[in-house]
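Single-structure report; data block below.
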Amino acid sequence: MIDVAYYPGCSLHGTSREFDESLRAVAAELGIGLTEIADWNCCGASSGHTTDHLLGVALPARNLALAEAQGFGAVLAPCAACYNRLSAARLAIATEDGLAARIPDIIGRQFANSVEVHNAVELLRDASVTIDEKVAAALAPNPLEGVKLAAYYGCLLVRPFEVCGYDDPEQPTSMDEIINACGADDVDWDMKVECCGGAFSVSRTASVLRLGRAIIDNARSHGAEAIVVACPLCHSNLDLRQKAMAARGEEPMPILFVTQMVGLALGLAPVDLGLGRHFVDTEPLIARLVKQAAERVAAEKLAKQEAAAKAAARAEKQKVGA
Amino acid sequence: MSAPSRTLAADILEATGINAATCYQCGKCSAGCPMASESDLRPHNVMRLVVQDRRDAALAEESIWLCLTCETCSARCPNACDPARVIDAVREMSIAAGVADMPRNIAAFHRAFLEQIRSNGRLHEMGMVMEYKLRSGDLMKDVTNAPGMLSRGKLSFRAERIQGVVEIKRIFEKCGVTP
Amino acid sequence: MSRIGVFVCHCGENIARTVDCAAVAEALKDHPGVAFAEDYKYMCSDPGQQLVKKAIEENNLTGVVVAACSPHMHEKTFRRACDQAGLNKYMCEMANIREHCSWIHEDRGAATGKAVDITRTIVEKVKHNQPLESIRIPVTKRALVIGAGIAGIQAALDIADGGHQVILIEKDASIGGHMSQLSETFPTLDCSQCILTPRMVEAYQHPNITLHTWSEVEKVDGYIGNFTVTIRKKARSVNEDLCNGCGDCQAACPVKKIPSEFEAGLGKRTAISVPFPQAVPNIPVLDRENCTLFKGRRKGLAKEVCGKCKETCLKGAIDYDTEDTFIEEEIGAIVVATGFQLYSIGRKQPEGLKGYGEYGYGDVPDVIDGLQFERLASASGPTAGAILRPSDGKEPKTVVFVHCVGSRDPEKGMKYCSKICCMYNAKHAMLYKHKVHDGRAVAFYMDIRAAGKGYDEFSRRAIEEDAAEYIRGRVSKIYRDGDVVKVWGYDTLSQEQVVIDADMVVLATAIRPQPGIELLAQTLSISYDENGFINEAHPKLRPVETNTAGVFVAGACQAPRDIPDSVATASAAAAKVMSLFSADELEREPAVAIVNENTCIGCMNCAKVCPYGAIEQRDVCTVDGHVCGHTAYVNPGVCQGCGTCQAVCLSKSVELQTFTDEQIYSEINALCAWE
């Protein structure tokens with residue numbers, strides 16, 4: 001059982017509760033213990049660093065200092081924006097002149113900048129082998145087997161490279177690896193790292209609709225049956241806002257959190273993964289996939305029986321012939 | 001505030017360590033900028049303003065507030081000019097100089113967001129959206145989505161206030177930020 | 001009894017502004033051993049030199065000290081003047097009171113005092129100078145040219161026409177280099193092979209040129225005029241004397257699908273093949289990596305699984321059991337002309353470079369590079385000169401040409417401009433439009449670099465006559481969208497984003513030196529820069545020499561370069577070689593180390609630290625021939641006078657002439673004596 005400090009961030013306590021729920025469910029399944037950092041504060045997201053560089057570093061720094069004081073060496077920040085801010089703050093304090101000396105005073109806490117920051121994609125990628133094994137050992141047939149999924153990284157999971165560093169910033173593969181570990185097929189598409197509109201979700205929704213449209217269109221044209229995300233804002237922009245950007249009569253594109261995808265593959269119940277909380281209904285997709293999986297397993301069983309019967313018949317013939 | 005004789009480029013250099021003269025105006029940043037079609041000035045235009053020491057034009061520009069901070073420009077810049085960081089710094093200077101020309105909704109959002117954090121330590125989304133609506137005047141925003149959010153358990157009426165909220169207020173003070 | 005003449009130069013204002021030259025001359029007049037001291041405005045000028053010569057004659061000077069600039073500038077000048085006046089030139093030294101004094105100080109009083117100290121120090125040194133004689137070494141009048149592209153061929157022809165023997169080696173199966181892959185050349189749109197192949201044949205048939213293809217440099221020993229070069233002739237599996245170039249083996253070979261290097265991956269070749277029909281020599285090479293027979297051998301199979309080429313060959317020229325052979329040649333001068341390769345945008349890169357993830361890392365179909373476009377346009381290419389895109393063979397109606405892919409891109413690891421791409425992109429746009437009249441050619445550029453003769457006019461033709469659309473701005477992203485290649489660019493002049501749905505994209509990728517250049521440079525003891533390009537001895541005044549005497553450089557291995565400049569540098573290098581060969585003996589500076597065999601203890605520390613391998617061990621024998629010990633011996637021809645041996649010698653037995661311990665101690669004592 002490995003134990004990780006957990007920084008949920010504001011979204012996972014609010015509009016992206018399902019990300020938190022599915023993460024906890026999957027972590028439990030994979031033997032990873034999550035301990036929420038006590039009294040964590042908002043990382044500042046875009047509004048922080050956009051308006052004031054120091055504020056944009058200090059707010060995340062307080063959380064890292066808390067984690068340090070609580071004895072942790074690493075923090076898991078599933079929200080892509082939180083992950084990026086915490087990591088960027090860590091880098092800024094390590095490299096910008098004088099910042100390391102100022103920050104403890106500003107946040108009113110001791111801080112040695114010793115805590116590493118990771119996100120859910122890294123965590124799950126590192127657990128790929130375990131996921132693969134568990135999926136293979138699961139009782140129920142894997143509903144994701146052979147399903148085409150588009151991994152959408154968005155802009156903050158892999159950029160800038162100096163801050164993130166764990167995957168290629170133009171053609172990342174970490175989430176694709178997780179998709180494959182779940183038995184699904186990762187789709188080769190072109191909008192993997194193009195921005196969804198991020199923080200303009202509320203303040204400039206028209207931009208989000210334009211950008212989100214291009215993303216969903218591209219995923220669809222490459223055959224994706226669903227899009228997998230690891231960012232509450234990406235999810236919100238593609239899920240909550242999808243109806244407004246959809247053309248009449250267009251097939252909806254379900255948006256799944258990467259933790260929900262892993263949970264489904266591991267055989268966890270959709271309700272435990274918060275799959276009922278989406279605006280683009282996931283039930284039709286899941287129902288179809290479960291049915292597909294059952295049919296596939298049944299077909300395999302039948303094929304096996306037929307093959308066994310044929311073999312037996314052959315053996316009989318040989319006996320008679322001899 | 002910097003001394004009047006200092007150039008904008010010198011101020012940017014001090015704030016960010018970036019030498020804006022390394023930008024050779026190739027336009028690659030703007031070619032991939034998701035907000036270019038909605039902005040008067042694109043990332044490379046902002047870099048040009050800095051190099052030409054056109055402080056007033058840069059600080060009062062509306063386009064810098066349309067930047068998504070998606071980092072695409074900085075990721076692809078051949079000279080590592082980091083336009084995203086430069087635009088961050090211009091925004092900060094713009095606020096400090098009191099000439100920020102934020103589109104009303106975006107200004108409302110930032111203020112509502114930051115005020116929420118300052119008061120509670122964490123974002124209470126419902127509270128923030130309400131404050132946003134008041135500030136922006138966009139009272140009908142997402143009204144149709146509200147019932148859906150509620151029924152899906154995504155909205156809570158109660159704000160989560162952290163114990164260390166006084167530390168947060170102090171951080172805002174020390175950074176000189178009043179939302 | 002020393003009678004030293006001191007000449008203090010003003011160097012116009014360079015020295016005189018900060019140092020009181022007259023005062024320095026005055027101060028030196030009283031120095032013991034100085035018989036003459038004077039200052040003058042420009043010592044290096046003709047009257048200045050006359051002054052020195054006259055002083056030597058009239059005052060019977062035994063030594064000369066010129067207090068002026070750095071010896072790097074004018075030591076030769078003054079030594080020549082002394083020589084002409086009958087004084088051994090190694091009795092002349094320079095005291096640097098410019099770079100070491102006037103150029104770095106401002107206080108006139110202090111600077112003048114320092115100038116006096118410096119000059120006195122050198123006077124003390126000269127008292128211990130010896131009248132040395134130049135070392136003369138023989139010159140082998142045979143040249144080695146490494147690389148047989150246009151530069152190598154030109155250099156070889158020039159040297160051979162000059163009456164000297166040339167060994168020309170080429171690592172590929174045929175000579176010709178990248179120029180043989182080109183369709184037409186700028187600015188004339190001459191057919192490339194038409195102008196190249198006559199040169200290739202001439203080089204092949206020239207009585208003074210010995211050609212080794214499919215060969216590389218293995219080892220280089222020796223020094224200028226006296227190199228010993230070992231050449232590795234890689235196993236061709238074909239006997240060059242028996243083969244008559246009929247091509248039957250190629251037709252018989254069952255392995256037909258190997259991507260052809262000559263076609264830049266757009267065409268296929270067989271395992272045994274000649275790179276192109278006009279190859280020189282027209283003798284195939286068997287690619288053992290892909291040959292069925294050799295694959296079988298590597299698997300350890302008992303029986304040979306193929307043998308078709310050998311069976312077919314009427315001349316019995318094929319031999320599967322040939323091995324690499326080594327040839328040793330005595331060489332006097334080496335010309336490095338190994339040319340270039342194109343940068344690839346792929347994921348895997350050598351240390352320090354990055355690929356273009358934003359353009360798909362080379363995985364996007366119908367995104368090709370410049371050499372591939374040349375093969376498409378080429379009449380002898382995989383599409384017989386029709387512009388057809390690789391994925392489906394359709395004629396592309398919209399082609400986007402992207403400038404500066406890798407070049408001028410510090411983030412990808414290449415800061416430099418590749419010089420030729422603006423020109424060949426204009427050429428490509430024109431060739432495309434000439435063949436596809438209703439096609440659309442779009443070029444994304446940053447600047448147009450067309451500085452050569454007729455170059456700007458040529459590049460304007462693409463825009464003015466052939467309607468190529470030139471858009472100033474770099475491309476952010478390239479990806480496949482169904483049947484088209486989407487290009488996200490920007491027009492900085494009109495200030496708008498530009499998205500093109502292209503049928504094909506041609507990337508002008510950066511010019512880089514050939515792989516393995518570092519190893520070759522180390523073998524030759526020449527230096528290269530951070531990009532791998534060979535360093536010239538001086539960027540302005542010695543563009544075709546390297547810092548290693550006797551090794552010259554030509555063509556694109558030194559810097560991105562077009563054909564006219566490659567030919568020019570090749571002829572320049574050839575001229576240098578012929579100047580070297582014009583005398584039977586080479587004169588070398590006697591600033592070499594000499595071992596005092598009487599005091600040498602034979603520890604050989606010197607040999608261990610010598611960077612040039614100039615020191616050997618010599619046996620000391622008793623009268624009746626028993627070896628009773630050994631001493632070190634410095635080869636005066638190889639020694640470069642670095643002095644490292646002198647520093648590590650435990651018994652103080654090895655001394656560098658012109659910098660002996662005595663000379664150096666006298667300088668130190670002088671410095672410590674004066675306040």
Side-chain angles (χ1 to χ4, degrees), chain B residues 13 16-52 54 57-58 60-87 90, chain C residues 343 345 353-361 400 402-418 421-422 442-449 470-479 486-500 502 505 507-510:
Chain B
L13 179 65
T16 65
I18 296 169
N19 177 3
T22 54
C23 170
Y24 51 25
Q25 295 287 297
C26 72
K28 189 172 177 187
C29 51
S30 305
C33 172
M35 293 304 288
S37 58
E38 298 185 37
S39 314
D40 279 340
L41 290 196
R42 287 82 189 248
H44 79 286
N45 298 129
V46 178
M47 296 298 289
R48 189 99 184 113
L49 289 180
V50 172
V51 165
Q52 291 183 317
R54 292 170 55 194
E61 176 57 38
E62 187 203 57
S63 304
I64 60 177
W65 298 103
L66 299 179
C67 166
L68 281 170
T69 69
C70 72
E71 298 273 339
T72 305
C73 51
S74 294
R76 294 185 180 156
C77 174
N79 286 317
C81 298
D82 206 349
R85 182 77 184 87
V86 170
I87 295 173
V90 172
Chain C
Y343 160 75
I345 64 169
L353 298 188
K354 282 201 220 149
Y356 272 74
E358 59 267 50
Y359 296 175
Y361 282 131
V400 171
V402 183
H403 291 217
C404 304
V405 178
S407 311
R408 303 182 64 189
D409 201 327
E411 278 295 284
K412 304 295 188 201
M414 289 154 288
K415 292 188 193 161
Y416 57 91
C417 165
S418 290
C421 330
C422 284
V442 179
F444 283 101
Y445 72 99
M446 278 211 284
D447 298 288
I448 296 298
R449 290 173 174 191
Y470 268 61
I471 302 180
R472 190 197 174 274
R474 244 175 149 150
V475 169
S476 176
K477 187 162 161 150
I478 297 177
Y479 62 95
K486 271 230 182 324
V487 179
W488 288 4
Y490 196 85
D491 183 342
T492 61
L493 298 178
S494 306
Q495 297 294 6
E496 54 191 25
Q497 279 181 323
V498 178
V499 177
I500 310 260
V505 174
L507 302 177
T509 48

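By convention in this document, chain letters (A, B, ...) are assigned in the order of the sequence lines, proteins followed by strands, and residues within each chain are numbered from 1.
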Sidechain-backbone polar pair: C:Q497 side chain, B:C33 backbone, donor-acceptor under 3.5 Å
yes
Whether B:E61 and B:R48 form a salt bridge (side-chain N of Lys/Arg under 4.0 Å from carboxylate O of Asp/Glu) is what I want to check.
no
Check: C:D409/C:Y356 side-chain N/O donor and acceptor closer than 3.5 Å
yes
For chain B, the option from C:G357, C:P410, C:C404, C:G473 that forms the most heavy-atom pairs under 4.5 Å
C:P410
Give me the atom names and distance for the closest heavy-atom approach of B:A20 to B:V50.
CB-CG1, 3.6 Å
Shortest non-hydrogen contact from C:A443 toward C:H403:
CB-NE2, 4.0 Å
Listed by chain and number, what are the salt bridge (charged side-chain N to carboxylate O under 4.0 Å, His left out) partners of B:E38, not counting sequence neighbours?
A:R204, A:R210
When only heavy atoms count and the cut-off is under 4.5 Å, which of residues 66-79 of chain B reach chain C?
B:R76, B:C77, B:P78, B:N79
Give, as side chain, backbone, both or neither, the part of C:Y445 having an atom under 4.5 angstrom from any heavy atom of chain B.
neither
Cation-pi between B:R42 and C:Y490: NZ/CZ under 6.0 Å from ring centre and within 45° of the ring axis?
no
Using a 4.5 angstrom heavy-atom cutoff, name the option from C:K415, C:Q495, C:K412 with the most pairs to chain B.
C:Q495
